[in-house]
J.: 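The structure's right below; bear with me while I get my questions together.
Just so you know, residue 1 is the first one in the sequence shown, and it goes up from there. We use all heavy atoms of the structure for the numbers below, so side chains are in, but hydrogens, waters and symmetry mates are not.
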Amino acid sequence: MTRTPQDIFQNHLAAVGAGDVDGIVADYTPDAVLITPEGVSRGRDGIRQVFRSLLDDLPDAAWEVPTQVFEGDVLFIEWTAVAERARAEGVDTFVFADDGIRVQTVRLSLARTA
């Protein structure tokens, strides 16, 4: 059975909140791309590296996603993450295809608090 974009994102959000890199990466298609101001990460291995770095910066963070706007296979979100020694806020766009996340853009600001 194919998951809806909402199903995929809810699984993704739970995996991010749990710090489960394998669970996060499983939501992406094998040929997915993640685009940030630093460049393009390709495939699950590239995306794994991005999330390992993010979760290292924000260990055990409390994540909130107050804005979620779905339109067909596209999702726009605004989010915050607060950890003991850092805080981040960001804006992402997702494109879903083939039962996963095919494209994601991320723009975030990270501030150290300690």
J.: Counting heavy atoms not belonging to Q10, are there more than 12 under 6.0 Å from its CD?
T.: yes
J.: Sort and list the pairs that fulfil side-chain hydrogen bond (donor to acceptor under 3.5 Å, both in side chains) and have at least one residue in residues 52-62, not counting sequence neighbours.
T.: D57-R112
J.: Do E78 and V65 come close enough that some side-chain heavy atom pair is under 4.5 Å?
T.: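 The answer is no, as the side chains (C-beta and beyond) never meet within the 4.5 Å cut-off.
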J.: Is there side-chain contact between V106 and I35, with at least one heavy-atom pair below 4.5 Å?
T.: no
J.: Using the rule given for salt bridge (Lys or Arg N to Asp or Glu O under 4.0 Å), can you reason through R3 versus D27, listing the C-alpha separation, both sets of side-chain angles and the distance that settles it, and then say yes or no?
T.: CA-CA 10 Å; R3 300 177 295 167; D27 284 325; 3.0 Å; yes
J.: Does atom CD (Q6) have a neighbourhood of more than 12 heavy atoms from anything else shown, all under 6.0 Å?
T.: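 Yes, because the 6.0 Å sphere around CD of Q6 holds more than 12 heavy atoms from other groups.
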J.: Tell me whether the count of non-hydrogen atoms from other residues, nucleotides or ligands lying under 6.0 Å of CG in D98 goes above 12.
T.: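 Atom CG in D98 is not crowded, with 12 or fewer foreign heavy atoms closer than 6.0 Å.
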J.: Nearest 0.5 Å please: distance from the CH2 atom of W79 over to the CG atom of L108.
T.: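 Rounded to the nearest 0.5 Å, the CH2-CG separation comes out at 4.5 Å.
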J.: Side-chain contact, heavy-atom cut-off 4.5 Å: T4 with I8?
T.: no
J.: How many angstroms lie between atom CZ of F70 and atom CZ of F96, to the nearest 0.5 angstrom?
T.: 5.5 Å
J.: Kindly indicate, with the supporting measurements, whether the criterion side chain to side chain contact (heavy atoms under 4.5 Å, CB included) is fulfilled by T93 and Q104.
T.: CA-CA 5 Å; T93 302; Q104 180 181 0; over 6 Å; no
J.: Can you measure from CZ (F76) to OG1 (T105) and round to the nearest 0.5 angstrom?
T.: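 Interatomic distance, F76 CZ to T105 OG1, rounded to 0.5 Å: 9.0 Å.
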J.: So how far is it from Y28 OH to R44 CZ, rounded to the nearest 0.5 Å?
T.: 11.0 Å
J.: Nearest 0.5 angstrom please: F9 CZ to I77 CD1, how far?
T.: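 Between F9 CZ and I77 CD1, I get 4.0 Å after rounding to 0.5 Å.
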J.: For a quick test of reading the model, state the closest non-hydrogen atom pair linking G23 to N11 and the distance between them.
T.: O-ND2, 4.4 Å
J.: Would you please indicate if the ring centroids of F51 and H12 are separated by under 6.0 Å?
T.: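 F51 vs H12: aromatic centres under 6.0 Å.
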J.: Taking it one step at a time, do T80 and R87 satisfy side chain to side chain contact (heavy atoms under 4.5 Å, CB included)?
T.: CA-CA 7 Å; T80 61; R87 173 180 170 68; 4.1 Å; yes
J.: Would you say V103 ends up clustered with V74 if hydrophobic residues are merged whenever their side chains have heavy atoms under 4.5 Å apart, either directly or through other cluster members?
T.: yes
J.: CG/L55 to CD1/I24 distance, rounded to the nearest 0.5 angstrom?
T.: 5.0 Å
J.: Run R107 and D92 through salt bridge (Lys or Arg N to Asp or Glu O under 4.0 Å) and show every step you take.
T.: CA-CA 6 Å; R107 173 67 174 104; D92 296 17; over 6 Å; no
J.: Do L110 and L34 land in one hydrophobic cluster if side-chain heavy atoms of ILVMFWY residues count as linked below 4.5 Å?
T.: yes
J.: Identify the heavy atoms of A81 and A61 that sit nearest to each other, and give their distance.
T.: CB-CB, 4.1 Å
J.: If I compare all heavy atoms of Q68 with all of L13, which pair ends up nearest, and what's the gap?
T.: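 Where Q68 meets L13 most closely, the heavy atoms are NE2-CD2, 4.4 Å.
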J.: Using the side chain to side chain contact (heavy atoms under 4.5 Å, CB included) criterion, which residues pair with R102? Sequence neighbours excluded.
T.: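 Per chain and number, R102 pairs via side chain to side chain contact (heavy atoms under 4.5 Å, CB included) with T29, D31, V33, A97.
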J.: Does the R85 side chain pair with the main chain of T113, one donor and one acceptor, at a distance under 3.5 Å?
T.: no
